[in-house]
Asker: 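Just passing along the structure, written as structure tokens.
In what follows, every chain begins at residue 1, and chains take the letters A, B, ... in the order their sequences are listed. Hydrogens, waters and symmetry mates play no part in the numbers below; they use all other heavy atoms, side chains included.
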Amino acid sequence: MAGYPFEAIERKWQAYWKAHKTFRTPADVDMSRPKYYVLDMFPYPSGTGLHVGHPEGYTATDIVARYKRMKGFNVLHPIGWDAFGLPAEQYALRTGTHPRITTEANIARFRTQLQSLGFSYDWDREVNTTDCAYYRWTQWIFLKLFERGLAYEAEVPVWWCEALGTTLANEEVIDGRSDIGGHHCERRTLRQWVLKITSYAERLLAGLEEADWPASTKEMQRNWIGRSEGAEIDFPLPDSSASIRVFTTRPDTIFGATYMVLAPEHPLVNTLTTAAQHAAVSAYLAQALRKSDLERTELQKEKSGVFTGGYATNPATGSRIPVWVADYVLGTYGTGAIMAVPGQDERDWQFAKVFGLPIVRTVAPPEGFEGEAYTGDGPAINSDFLDGLRVEEAKARILDWVESSGVGRRKVNYKLRDWLFSRQRYWGEPIPVVFSNGEARPVPPEDLPVTLPALEAFKPSGSLEGPLALAEDWLATTDPDTGAPARRETNTMPQWAGSCWYFLRYIDPHNTEALVDPALERYWMPVDLYVGGAEHAVLHLLYARFWHMVLYDAGVVASPEPFAKLVHQGMILGELEYTTYKEVENGQLVTAEEVQGRVHRPTGSAVEAVRIREELVQKDGAHFVLKDNPAIRLNVRAHKMSKSRGNVVNPDEIVAQYGADAFRLYEMFMGPLEQVKPWSTRGVAGTSRFLNRTWRLLSGERGRVGDTEPSPEQWHMLHQTIHRVTQDIDALRMNTAIAALMEFINAAYKWDMVPRQVAEPFVLILSPFAPHIAEALWEGLGHEGTLAREAWPAVNQAYLTEDTVVIPVQVNGKVRATIRVPADMPKPDVLARARQEENVLRFLHGTKVRKEIYVVGRIVNFVAR
RNA sequence: GCCGGGAUGGCGGAAUAGGUAGACGCAACGGACUUAAAAUCCGUUGGCCUCAGGGCCGUGCGGGUUCGAGUCCCGCUCCCGGUACCA
């Protein structure tokens with residue numbers, strides 16, 4: 001394959017950019033010029049290197065960065081490494097290699113790979129979360145949180161994973177198994193550092209309003225924060241001064257509260273349990289505690305619970321209602337207790353049905369309602385002074401009553417819980433706290449960083465403490481105030497910590513006096529465009545916003561929200577696969593739709609999946625079938641890339657075969673950035689072909705560029721292309737921008753000569769997409785040095801408009817002809833011209849024209865009968 | 001269940017202040033060049049019909065609005081992602 005010499009070109013220009021620091025953003029930029037901060041979610045440098053998914057977002061941001069530079073912006077486009085985390089530590093456990101070693105090696109590999117793709121990062125601003133000069137400031141932020149009462153210790157029931165030797169956050173445990181590795185986890189109570197993110201719930205919610213973020217991501221954050229308005233109401237216990245406090249969003253239904261339920265972990269369970277019920281209750285509690293979340297979910301259909309024997313008083317009705325214990329009430333939400341209103345709550349209805357508890361409707365369901373609990377709107381019934389009121393009005397009335405009679409108060413509740421911030425691991429930022437006489441004392445900021453000790457062994461300590469408990473020399477220290485002996489905190493921070501603020505450090509990465517210089521921060525923030533995976537829609541993006549707001553309150557940063565515009569790149573799936581099944585016993589192929597699980601339903605025999613090559617497949621109606629046996633229908637799908645499926649595409653191989661420019665182009669050409677799309681290596685051959693054609697046409701030695709005056713058609717083609725590409729980049733529609741570039745080359749191929757005045761702007765607008773070949777072409781056209789700071793070509797409107805336009809002529813909405821007319825021809829003339837078309841006349845013959853429509857420059861339509 | 005996104009040729013996808021559906025690319029087919037192949041270049045390519053002018057049908061399904069609907073409205077189906085006893 002004799003293509004253009006991409007290998008030499010890419011090597012040369014990557015070396016040039018590196019040697020000349022072409023993409024360095026100096027610390028002292030001219031702040032009178034506009035800025036643009038384009039940020040990628042920085043990668044975790046895993047041992048397996050880049051996959052084709054990483055460069056998708058990176059290419060998009062690189063195109064924007066290069067484009068904005070040419071538009072005259074000061075551009076900040078950095079990269080770094082989110083390098084703390086469990087995989088390196090587990091690798092260390094297995095092999096004895098220190099995580100620092102593995103991490104450095106992985107980073108080196110990632111860096112080489114990213115550079116081979118020609119991304120225009122400012123490599124002088126690289127940050128690494130595991131660098132003590134970096135995590136010094138992560139620790140510094142922790143001190144700010146501590147100072148402001150936002151970091152506190154608590155005995156928290158946490159997920160303990162025996163296999164990993166560490167606790168995990170709720171979100172790291174899925175169905176009772178660790179997200180990483182899938183190990184079994186159980187609940188333990190431990191002393192933990194917790195960050196008070198809940199006190200920012202309201203502001204985190206409000207900040208979403210303005211953000212130019214995907215609607216789905218904003219919605220996910222809203223759901224995660226889970227704000228709900230309601231009331232806390234106390235239900236007194238008849239035989240004591242205590243009461244059960246519940247949270248409810250439906251105080252209007254209180255007259256239908258016929259029983260109460262406590263979560264198994266509720267402190268009043270013991271108090272309420274009568275002697276007669278004691279055995280039953282403790283059996284239930286023991287069983288509930290053992291249940292994993294998985295089991296709880298699986299058993300969800302059937303409600304379980306037990307009567308405590310105790311009663312409480314419904315403050316609205318004054319009646320005695322039984323108190324039950326059931327695990328469908330969560331200890332961690334609200335007050336861990338509910339008033340059960342089966343008439344208006346499906347869960348309560350189910351429970352009441354199982355245990356024969358009374359059901360009273362307090363909202364009249366609509367006529368013909370056949371369901372059980374009715375949760376919709378309607379007039380109140382059986383509700384004393386609320387009767388007849390609709391839900392909203394009834395709520396307002398009862399809340400006034402609740403507050404004036406002192407049985408409760410309005411209350412806003414959140415699903416969001418405080419952020420469990422401790423990890424019992426080695427490979428994370430040490431929490432900068434020491435313990436003296438059992439009291440937590442912050443390490444003074446001037447003593448930061450608290451560096452990780454160089455441990456030799458990485459075994460879990462055997463206790464609930466992490467490996468740092470084994471670093472004896474490191475552990476022993478002194479109280480910063482009193483000088484008394486003290487012991488260091490052995491917990492480290494979770495991986496989220498370093499990524500909560502890295503975008504600030506890029507602004508001023510070498511500052512030893514401050515996290516970031518305030519003037520620089522004010523200039524560069526917020527991030528103008530942030531691109532990364534939707535998997536971070538909630539956690540990373542919420543935690544980062546939280547820290548940023550705290551830093552804002554502390555006067556460290558100048559704006560409360562860090563990311564002005566956010567875009568998620570869609571996942572890249574493996575190549576499209578055609579599959580069906582064959583019977584294991586005789587190898588007979590069977591049609592895919594008759595297979596369920598691993599069994600061929602008609603015969604009951606065991607089958608296994610087989611992949612069918614594309615050339616053996618054809619479409620038959622709505623299905624894909626085998627060419628030589630159309631009775632066999634196939635499944636057609638692209639699957640998520642995974643090692644086990646064997647469909648992982650390695651970017652290095654693609655770059656070696658087609659070059660970085662063709663690879664970048666294909667990544668962008670596949671389809672809209674946000675969309676999920678299947679990979680196709682043959683598609684890369686297509687973008688590679690385009691670059692070859694471009695080279696043949698425009699390269700200095702054998703190209704067809706000449707110093708002729710462009711024709712009107714050539715000017716038009718050029719400016720139309722500039723216009724489309726510019727608009728498309730602004731809207732991140734890289735796929736259609738590339739299509740426009742291809743159309744230009746296709747048109748230019750028909751010209752005898754490409755005028756220099758047309759060729760040069762084309763090379764410039766090609767350059768953000770395919771920077772290496774563009775630099776080489778630019779040089780070939782006689783320029784010296786890089787084109788990276790050349791001005792982005794401007795569109796000349798005069799060349800955009802055409803003198804004549806092609807207008808389709810419809811009769812009754814169907815196109816019967818097209819005519820070419822001057823763009824400014826008046827309506828009557830256009831209509832007259834349209835009527836001259838033979839085919840139009842044919843369809844108008846014998847009819848009467850009722851209406852004549854001409855939309856200027858677009859369409860003619862005769863309505864005739 | 002709930003929330004969000006989607007469905008257009010053999011494939012990836014274009015086209016939304018409603019105005020020629022299928023840009024661009026892949027694949028396929030035909031031709032040129034070549035001893036041959038690769039590469040390249042030119043062309044064809046939604047389906048069906050055709051007296052070769054053109055005609056009919058066609059954007060997941062069923063209705064509606066309109067001179068005109070892939071695009072707007074109502075009612076569904078299926079697929080993907082997220083989430084799940086949050087009171």
Asker: Compare side-chain N and O positions of A/Gln675 against OP1 and OP2 of B/rG6 and report whether any pair is under 4.0 Å apart.
Answerer: no
Asker: Rounding to an integer number of Å, can you tell me how far A/Lys814 NZ sits from B/rC67 C1'?
Answerer: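 Nearest whole value for this atom pair: 14 Å.
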Asker: Output the single nucleotide from B/rG19, B/rG82, B/rG55 whose closest atom is nearest the side chain of A/Ile853.
Answerer: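 Nearest listed nucleotide: B/rG19.
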Asker: Does B/rG5 count as syn, meaning its glycosidic angle lies within 90° of 0, or as anti?
Answerer: anti
Asker: Could you spell out the base pairing of RNA chain B in dot-bracket, with Watson-Crick or G-U pairs whose two distances are under 3.5 Å, [ ] crossing and | to another strand?
Answerer: (((((((..(((......[....))).(((((.......))))).((((....))))..(((((..]....))))))))))))....
Asker: Distance between the P atoms of B/rC41 and B/rC49, in whole angstroms?
Answerer: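 Comparing P positions in B/rC41 and B/rC49 gives a spacing of 35 Å.
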Asker: Could you check whether A/Asp348 gets within reach of a base, just the sugar-phosphate, or nothing at all, counting any heavy atom under 4.0 Å?
Answerer: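 It contacts nothing in the nucleic acid.
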Asker: What's the gap between B/rA14 and B/rG9 when it is taken at their C1' atoms, as a whole Å value?
Answerer: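 So the two C1' atoms sit 13 Å from each other.
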Asker: With rounding to the closest Å, how many angstrom separate the P atoms on B/rU65 and B/rA17?
Answerer: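 Each nucleotide's P atom is 24 Å from the other's.
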Asker: Heavy atoms under 4.0 Å, any strand shown: does A/Arg693 hit a base, just sugar-phosphate, or nothing?
Answerer: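 Here A/Arg693 touches the backbone only, sparing every base.
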Asker: Please state the C1' separation for the pair B/rG70 and B/rA23 - nearest whole angstrom.
Answerer: 15 Å
Asker: In whole angstroms, how far is the P atom of B/rG13 from the CE atom of A/Met670?
Answerer: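 After rounding, the reported distance stands at 8 Å.
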Asker: Roughly how far apart, to the nearest Å, are B/rG60 and B/rC78 at atom C1'?
Answerer: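 Roughly 8 Å separates the two C1' atoms.
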Asker: For B/rG46, is chi within 90° of 0 (syn) or not (anti)?
Answerer: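 Base orientation relative to the sugar is anti.
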Asker: The side chain of A/Arg689 lies closest to which of these nucleotides: B/rG4, B/rC3, B/rC26?
Answerer: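 That would be B/rC26.
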Asker: At 4.0 Å (heavy atoms only), tell me whether A/Tyr749 reaches a base, stays on the sugar-phosphate, or touches nothing.
Answerer: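 Sugar-phosphate, backbone atoms only, no base.
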Asker: Among residues at least two apart in sequence or on other chains, which ones pass side-chain hydrogen bond (donor to acceptor under 3.5 Å, both in side chains) with A/Arg222?
Answerer: A/Glu219
Asker: Give me the atom names and distance for the closest heavy-atom approach of A/Ala352 to A/Pro342.
Answerer: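 Taking A/Ala352 first and A/Pro342 second, the nearest heavy atoms are CB-CB, 3.9 Å.
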Asker: Report the nucleotide, chosen from B/rU40, B/rC24, B/rG19, that has the shortest atom-to-atom distance to any side-chain atom of A/Arg858.
Answerer: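 Closest nucleotide to the A/Arg858 side chain: B/rG19.
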Asker: Going by distance alone, is a donor N or O of one side chain under 3.5 Å from an acceptor N or O of the other, for A/Asp418 and A/Thr198?
Answerer: yes
Asker: Would you kindly give the CZ-to-P distance between A/Arg696 and B/rU40, to the nearest whole Å?
Answerer: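 Taking CZ of A/Arg696 and P of B/rU40, I get 6 Å after rounding.
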Asker: Using the C1' atom on both, measure B/rU59 against B/rG18 and round to a whole Å.
Answerer: 15 Å
Asker: Atom NZ of A/Lys218 to atom P of B/rG81: distance rounded to whole Å?
Answerer: 25 Å
Asker: Find which nucleotide of RNA chain B each of A/Lys677 and A/Phe624 is nearest to by heavy atoms, and output the residue with the more 5' nucleotide.
Answerer: A/Phe624
Asker: Work out how far the C1' atom of B/rC2 is from that of B/rC85, and round it to whole angstrom.
Answerer: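 Each nucleotide's C1' atom is 13 Å from the other's.
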Asker: How is A/Asn413 classified with respect to the nucleic acid when contacts are heavy atoms under 4.0 Å: base, sugar-phosphate, or nothing?
Answerer: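 Touches nothing.
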Asker: May I ask you to say what A/Val855 touches in the nucleic acid, namely base, sugar-phosphate or nothing, with a heavy-atom cut-off under 4.0 Å?
Answerer: base
Asker: If you measure only the distance, is there a donor-acceptor pair under 3.5 Å linking the side chains of A/Tyr658 and A/Thr687?
Answerer: no
Asker: Can you tell me if CZ on A/Arg850 sees more than 12 non-hydrogen neighbours from other groups inside 6.0 Å?
Answerer: yes
Asker: Looking for any heavy atom pair under 4.0 Å, which part of the strands does A/Val538 touch: base, sugar-phosphate only, or nothing?
Answerer: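 Touches nothing.
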Asker: What integer number of Å spans the P atoms of B/rG55 and B/rG1?
Answerer: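 Nearest-Å result for B/rG55 against B/rG1 at atom P: 48 Å.
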Asker: Of the nucleotides B/rA23, B/rA27, B/rA14, which one has an atom closest to the side chain of A/Pro672?
Answerer: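 The closest nucleotide is B/rA14.
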Asker: Test side chain to side chain contact (heavy atoms under 4.5 Å, CB included) on A/Trp213 and A/Leu541; report intermediate values, then the result.
Answerer: CA-CA 11 Å; A/Trp213 284 23; A/Leu541 287 166; 4.1 Å; yes
Asker: NA contact type, A/Gln810, heavy-atom cut-off 4.0 Å: base, sugar-phosphate, or nothing?
Answerer: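 Base, at least one base heavy atom under 4.0 Å.
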Asker: Is A/Arg682 positioned over the aromatic face of A/Tyr666, cation under 6.0 angstrom from the ring centre and no more than 45 degrees off axis?
Answerer: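 Checked: cation-pi criterion not met.
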Asker: Pick base, sugar-phosphate or nothing for A/Ser680, based on heavy-atom distances below 4.0 Å to the nucleic acid.
Answerer: nothing
Asker: Would you say A/Ser228 reaches B/rA87's phosphate, i.e. side-chain N/O to OP1/OP2 under 4.0 Å?
Answerer: yes
Asker: Would one find a side-chain N or O of A/Arg724 under 4.0 angstrom from OP1 or OP2 of B/rC24?
Answerer: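 Checking B/rC24 against A/Arg724, no side-chain N or O comes under 4.0 Å of OP1 or OP2.
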Asker: Relative to the 5' end of RNA chain B, which residue comes earlier, A/Lys619 or A/Asn812, by the nucleotide with the nearest heavy atom?
Answerer: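 Mapping each residue to its closest nucleotide by heavy atoms, the 5'-most match is A/Lys619.
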Asker: What distance do A/Leu665 atom CG and A/Leu741 atom CG have between them, rounded to the nearest 0.5 Å?
Answerer: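 Rounded to the nearest 0.5 Å, the CG-CG separation comes out at 7.5 Å.
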Asker: Between A/Glu202 and A/Arg227, is the closest basic N to carboxylate O distance under 4.0 Å?
Answerer: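 Looking at A/Arg227 and A/Glu202, the cut-off is met.
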Asker: Nearest whole angstrom, please: distance from the P of B/rG6 to the NE2 of A/His568.
Answerer: 14 Å
Asker: Would you classify A/Phe744 as touching base, sugar-phosphate or nothing, given that sugar-phosphate means primed atoms plus P, OP1 and OP2, and contacts are heavy atoms under 4.0 Å?
Answerer: nothing
